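What follows is a set of notes on a single structure, which appears directly below.
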Amino acid sequence: MKTISKSVPKRDHAEKISGSAVYVCDYPTEGMLFGRLLRSSVPKANLLGVKLPALPEGYIYIDKNDVPGTNEVWMILKDTPVFADKTVEHIGDPIGMLVGPDEREVDRLLAKVEVEYEELEPTFDARQSSVVFFDYGYEKGDVDKAFEDADKVYEEDFETGLQEHLYLETNGVIAHSKDGKIHVHGSIQCPYYVHKALVHALGMPREDVSVAQDVMGGGFGGKEDYPSLLACQAAVAAYKTGKSVRVVFGREEDVEATSKRHPSFCNYKVAVKDGHVTGMKIEVLYDAGAYTTMSPVVLQRGIIGAPGIYTIPHLKVHGQSRKTNTVPNGAFRGFGGPQTFFAIEMMMTHIAKDLGQDPVDFKLRHVAKQGDLTSTSGKHHFPVPIPAMMDAVVKASDYYTKRAAYKNQTGRYRKGIGMAAVYHGAGFTGNGERDIIKAVAQLRKDREGNVEILTANTDMGQGLFTVFAKIVAEALSLPLERIIITYPDTARVPDSGPTVASRSVMAVGELLRRAALRLKDEWVDGQEQLIEERYKHPEWMIQFDLETFQGDAYPTYSWTVNAVEVEIDTYTGNIGIVGAWGSFDVGTPIDENIVIGQMEGGFVQSLGYGMMEKMTAEKGRIRNNKFSDYIIPSSVDFSNLQVMLHVEDYPEGPFGAKGAGELPHVGGAPAVLDAIENALGVNLNKIPFVAEDVMNTLREVSR
Amino acid sequence: MTQEIRFNLNGSDTVYTGNPADRLLDVLRNELRLTGTKCGCKEGECGACSVIIDGKLINSCLVAMGSLEGAKVLTIEGCTKTPQFAALDKAYESVSAVQCGFCIPGMIMASQCLLANNPHPSEAEIREGISGNLCRCTGYNAIVKAVGTAAEEGNGLW
């Protein structure tokens, strides 16, 4: 283990464990107005009018007419309105905001607001939707010939459901208006995303708007795009009233109104010749919800990963995201990857079974090797450590023995073991880092020789501040105590890009390492110094073309192999987890505890996604809007979960580190479904797969 | 309807003058500005608002002030002053068990309550003891390990 990997106390430990950390909900509220959103109660309608009750003094209603700039939330596109204009597009679509000094009175008044709608025919099923938001595709080799030459062709459909982030802290912001300037702070994953949206909606100069992150109770992508909308709404209210406006959601509102993971529908056609997969035709459909938000990039990642970790010589991959009149789906850890990786892993498993081969052996025969072409005809520039990792997980889980032993069970309790192997491409897709993000990071040294890290990246609990401080301290050969890092405010940090895409350590951490090395070279005692580094694209990357999806989609990949063992009670349908094993390669761990914590937490979320977390909607209204009916893993659900680290150094990452945060949320779901298949002796194509699905499956099998 | 409710909060005798139907969670956070107790759901499901009342782990979002007459209430702010907290603090830190931190004050109350009732719990007992406190970040392994370490290292404290 490298010295830097040795764990240190987390920087945010003391204030969080003692309860003294100030989250957005913890600020004193004296003098503030409380804001509550008026939301559409229908999924699609022309908005005819809003009838307000008599508002007492100090209570003010804000809507589209109060937006001083443009009534658009600039995310990637600008189709999300700050407040609904002529139409509402989903239940919960914000129409206006009521603000006032007493929160309960705001609630009471809000309940008396009447909205007149002319209801229109909504669309809830993406497969039936005629509104295509995004349409991408790519090809490799000669797929038609592969199918002509095939001696066997397989075809299957796969579905994945909604997943809710369910961070423990709900979304919340406070907007301040003072001296013609707007300042917003809150539970914000990407301060500069919010800044861009505010400047556009408010029509104010960049320098008059600032955005800061507060201590944050989890994000997982759920506070990547959504805070841009919420901050615009609160800021418009602050702008109009000249007061500070606080909007902190209750749990039900957070679940009903904020983004989730895109449901997906995939169709795979696979050509096999001489027991080997030679070609695939893949159709991917993601349900975007009512507005585009993050859908284009989520879909891009989804289709790029659709053939999985395998080298398939002939490919035709096509994907769409379509509009439905449901809550917009956005960023969620894995970002489009978990859907298609679920599909490809099940597909490969099913083909292996049909060919009479063990799925692990079959997959190993198809795994990409260093130097192979990727799905988009880029290159695997670095070693692909899957065989060694698979070996470690096979041994830890005793996979082969159990897999054989669990065939053809008939008793009440049936065990099964399954395996999945996946990657996560680290950083922005294609040339995003170079052409869109253009990260800038700074180090500021004071006269006493303390060094402050200045980036826009946020610590949501994943440990980024600790890791950044370690990188800088190590490169400068300074004790950690001399490194300063605080929650970012756009007024004083450069735009080092958003804290997303498993990019922060790999891309921004490397900028900090380089800045630290320069500072070390140029160090002058007793002087203030400022060092700035800008992103440099690796020269060896094969230029990615977003029109044709050809080239290196990612500079490098993080890899994982997951095994899961289940015991199913065929009387109740209960799926018990006997054990879960994962080997994870995220390059050099900058802090071993932190990386293991990320892997364990993500793995558990992924298992929840596969066999526990079911979110349903009825006519566009989410039914599971509480902890009591949207079930996430508790401490007793996955008690035997073991994480191992495999280290493949990445030469362009700081001390060999690559992307970490999202990887563990990709492989757990297909691994647990494979285990359920092994236990029940069936093939499955849909997640989440919960107790009632077990009962339904058993009923079908017995017919 | 305003009433005077007398109870002990973090070792100090306290009088709450207000509606006995008010939630303890709201009173702690809004009136007394003890914001270490977090609100995650307001329906008694997530455990972020856990406090210890007369030795029992309770979700403060489900407690009406009127039920507290004569009770002893311990919140994270009172807990941090104890040697038991010091042991838990050290153990949690050693395995980096705190991620976003929003569940953690409640998790500490659950850990304290568990160890007070069972100073040498097995891993299964630890998992059961904190099962009413949801954490979305860690997957629980680090927290379970921390509670086990605190029990070992703080031997005799509970």
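Bear in mind that the values here come from a model prediction, so they are computed numbers and not experimental data. Lettering follows sequence order; numbering is per chain, from 1.
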> Is it the backbone or the side chain of Thr80(B) that comes under 4.5 Å from a heavy atom of chain A, or both, or neither?
Replying inline: side chain
> Out of curiosity, Ile17(A) CD1 to Asp89(B) CG, how far, rounded to the nearest 0.5 Å?
Replying inline: 4.5 Å
> What part of Tyr140(B) is in contact with chain A, defined as an atom under 4.5 angstrom from a non-hydrogen atom: side chain, backbone, both or neither?
Replying inline: side chain
> At a heavy-atom separation under 4.5 Å, does Phe603(A) approach chain B through its side chain, its backbone, both, or neither?
Replying inline: neither
>> Quick check: do Asn141(B) and Gln642(A) have side-chain heavy atoms less than 4.5 Å from each other?
In response: no
>> Between Thr37(B) and chain A, with a heavy-atom cut-off of 4.5 Å, which part of the residue counts as in contact: side chain, backbone, both or neither?
In response: neither
> To the nearest 0.5 Å, what is the distance between CD (Gln598(A)) and OG (Ser96(B))?
Replying inline: 11.0 Å
> Do Glu128(B) and Val636(A) have side-chain heavy atoms sitting under 4.5 Å apart?
Replying inline: yes
> Salt-bridged, Arg136(B) to Glu613(A), with N to O below 4.0 Å?
Replying inline: yes
> Heavy-atom distance under 4.5 Å to chain A: side chain of Ile130(B), backbone, both or neither?
Replying inline: both
> Measuring from Cys137(B):SG to Phe220(A):CZ, what's the distance to the nearest 0.5 Å?
Replying inline: 3.5 Å
> Does some side-chain heavy atom of Glu252(A) sit less than 4.5 Å from a side-chain heavy atom of Glu43(B)?
Replying inline: no
> Under a 4.5 Å heavy-atom cut-off, does chain A meet the side chain of Lys42(B), its backbone, both or neither?
Replying inline: neither
>> Let me confirm one number: the NZ-NZ distance from Lys38(B) to Lys16(A), rounded to the nearest 0.5 Å.
In response: 10.5 Å
> NZ of Lys145(B) to CD1 of Ile596(A): how many Å apart, nearest 0.5 Å?
Replying inline: 7.0 Å
> Is any side-chain heavy atom of Phe102(B) less than 4.5 Å from a side-chain heavy atom of Cys25(A)?
Replying inline: yes
>> Contact between Ser635(A) and Ile143(B) at the side-chain level, heavy atoms closer than 4.5 Å - yes or no?
In response: no
> Under a 4.0 Å N-O cut-off, is there an ion pair linking Arg29(B) with Asp26(A)?
Replying inline: yes
> Rounded to the nearest 0.5 Å, what separation is found between the CZ atom of Arg33(B) and the OG1 atom of Thr29(A)?
Replying inline: 7.0 Å
> Does the side chain of Met460(A) come within less than 4.5 Å of Cys100(B)'s, by heavy atoms?
Replying inline: no
>> Determine whether a donor-acceptor pair (N or O, by modelled atom type, separation under 3.5 Å) exists between the side chain of Glu93(B) and the backbone of His13(A).
In response: no
>> Would you say that Leu168(A) contacts Cys46(B) through its side chain, given a criterion of any heavy-atom pair below 4.5 Å between the two side chains?
In response: yes
